[in-house]
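All values below were derived from every heavy atom in this structure, side-chain atoms included, with hydrogens, water molecules and symmetry-related copies excluded.
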Amino acid sequence: MKLTVILILSLNSISCHLFDGSGSSAISPLKEYKIAYSRTSASGVGKVYVVSPSYRSPSLLADSLILTDSTLSWSPDGNNILFVSKGQIHSIKVDGTNRTRLTMNDSTNSSPSWSPEGLRIAYQSKATGTFQVFLMNRDGSSQRQLTHNSNGARLPAWSPDGGQIAYMGDGGIHVVDLFSGSDLQLTVYPDDYRPVWYPLGGKILFRSTRDGNQEIYVMNADGTQQVNLTNSPANEDDHSWSPSGTEIAFTTDADSYYDDRYGLIYLRKELVVMRSDGTDRRQLTTNSIVSTSAWSPDSKLIVFVDSMGGPGLFTTDDVFVDRRTVLAAGYAPVWSPVPLE
């Protein structure tokens, strides 16, 4: 079995972040920020960890879990993390105390995410038969159904101002206004996938197969000006904005190949960064199967998972393109939104 490892990738300037004063190489990525991630053993026991990217000494946050969803979500103040075990959403403090089950139904709940102000949590639940988007207060109170799509609604994403939630619903991507209750369908392709808001609002990133393969698109938050950013014969996925909003990370299978000697397909998913308008595309990995990448809060580092088992600290400078550092074995890494010493 190949080991899945969490990797961290540097996008900084080399002089400031890859060298110390002596001229020797040194890794110094945001010592005050931390990364939460999950891991499941061969026996099926799940755990949640927190690790410093500089010291690489993981701390166990929660144990004896049945992780039915890999989603982890930091509260905006950095004090709590949401995780899903046995189909129920839990909150735990970053020191491992005050573990609290927030959902109490007998259904499946998943994809929890904190609102920008940290007072509410959006999630998807099968409590009414099909997945619908629900809201609750941070302590689990006042749970209410937000969507009523006949074919379900999934993957809720908060707008930066907390006033809207984008989601995958009937016939495409929707946005619901939390003040007026209006629900606007933005796209008309049922498989349009995972809306991601521009950090300053007003735009939404998503994946679509409307052109015959998986491509990364961007559109205005009202559904206008839908633009294919990748325009490639390969399949692109795992899209995310940098917090600065100037760049987009995604994966591509362009390096996959077929070996006719053995009749085998060798899958590769490489990590790529491009400008937010789709220009200046830079491939940052080779011979990898990358997933679940996440930008650091200052947009200078990317932590990601490579299921090929290879290591991974990269810089976009060609001289150091092969420099990598393994953080830990695990999955679904997310950065703390604020410094945590």
Side-chain angles (χ1 to χ4, degrees), residues 7-14 17-18 29 157 160 166 173 186-187 189 191-221 224-256 267-306 308 310 312-324 333-335:
L7 311 169
I8 190 167
L9 178 150
S10 172
L11 301 177
N12 321 8
S13 68
I14 294 172
H17 294 275
L18 288 181
I173 292 173
L186 305 183
T187 71
Y189 297 89
D191 61 350
D192 285 353
Y193 180 73
R194 199 168 69 83
V196 180
W197 288 86
Y198 178 63
L200 300 179
K203 296 180 180 181
I204 295 174
L205 200 66
F206 63 101
R207 188 199 75 190
S208 180
T209 59
R210 64 185 66 179
D211 295 319
N213 61 304
Q214 296 177 3
E215 302 273 12
I216 308 303
Y217 277 73
V218 68
M219 63 181 167
N220 292 332
T224 60
Q225 298 185 14
Q226 298 182 22
V227 177
N228 185 340
L229 294 177
T230 47
N231 284 301
S232 129
N235 290 301
E236 280 80 28
D237 202 355
D238 299 313
H239 46 285
S240 61
W241 292 98
S242 64
S244 65
T246 59
E247 293 185 297
I248 294 168
F250 62 95
T251 61
T252 180
D253 68 359
D255 287 351
S256 298
L267 175 65
R268 297 293 182 266
K269 289 184 68 177
E270 306 298 349
L271 185 62
V272 179
V273 169
M274 64 182 174
R275 296 190 184 278
S276 58
D277 61 0
T279 62
D280 191 20
R281 182 184 294 201
R282 291 154 287 154
Q283 183 171 316
L284 304 176
T285 63
T286 56
N287 197 33
S288 300
I289 300 179
V290 172
S291 62
T292 59
S293 63
W295 293 85
S296 63
D298 70 350
S299 300
K300 293 179 179 178
L301 303 173
I302 293 179
V303 62
F304 62 97
V305 173
D306 180 4
M308 287 291 289
L313 172 65
F314 291 82
T315 170
T316 55
D317 188 292
D318 290 340
V319 176
F320 296 97
V321 72
D322 291 326
R323 185 172 177 81
R324 314 176 179 195
V334 287
W335 290 86

Is [Y] close to [X] at the side-chain level, that is, under 4.5 Å between some pair of heavy atoms?
X    : Y    : answer
D298 : W335 : no
P333 : T292 : yes
V273 : I302 : yes
S296 : V303 : no

Residues forming a side chain to side chain contact (heavy atoms under 4.5 Å, CB included) with [X], sequence neighbours excluded:
X    : result
N220 : K203, D222, T224, Q225
S240 : A249, S293, W295
D191 : Y189, T209
R275 : D277, T279, D280

Could you walk me through whether M219 and T187 pass the side-chain contact (heavy atoms from CB on, under 4.5 Å) test, one step at a time?
CA-CA 9 Å; M219 63 181 167; T187 71; 3.7 Å; yes
For D253, enumerate each residue passing the salt bridge (charged side-chain N to carboxylate O under 4.0 Å, His left out) test, keeping only those at least two apart in sequence or located in another chain.
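Partners of D253 under the salt bridge (charged side-chain N to carboxylate O under 4.0 Å, His left out) test: none.
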For R207, the salt bridge (charged side-chain N to carboxylate O under 4.0 Å, His left out) test, sequence neighbours excluded, returns D237
Audit row: D306, T285, side-chain contact (heavy atoms from CB on, under 4.5 Å) steps and yes/no: CA-CA 10 Å; D306 180 4; T285 63; over 6 Å; no
Tested for side chain to side chain donor-acceptor pair (under 3.5 Å) against T230, the lone hit among Q214, E215, R281 is E215
Quick one: [atom1] on [X] to [atom2] on [Y], what's the gap to the nearest 0.5 Å?
X    : Y    : atom1 : atom2 : result
N213 : S232 : CG    : OG    : 6.5 Å
I248 : L205 : CD1   : CG    : 4.5 Å
E270 : L284 : CD    : CG    : 10.0 Å
L229 : F206 : CG    : CZ    : 9.0 Å

List for me each residue that meets side-chain hydrogen bond (donor to acceptor under 3.5 Å, both in side chains) alongside [X], sequence neighbours excluded, and say none if there are none.
X    : value
D238 : T251, K269
R210 : D192, S208, Q226
T252 : E236
S291 : none

Mind checking what makes ring-ring contact (aromatic ring centres under 6.0 Å, His included) contact with F250, not counting sequence neighbours?
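For F250, no residue satisfies ring-ring contact (aromatic ring centres under 6.0 Å, His included) once neighbours in sequence are set aside.
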Quick note, ring-ring contact (aromatic ring centres under 6.0 Å, His included) partners involving residues 226-249, not counting sequence neighbours, are Y198-W241
(request) Determine whether the side chains of S244 and S242 contain a donor N or O and an acceptor N or O closer than 3.5 Å. (result) yes
Here the pair of heavy atoms bringing P243 nearest to P199 is O-CB, 3.4 Å
Exercise. Dump the intermediate steps for side-chain contact (heavy atoms from CB on, under 4.5 Å) on I204 and L186, then the final yes or no.
Key: CA-CA 10 Å; I204 295 174; L186 305 183; 3.8 Å; yes
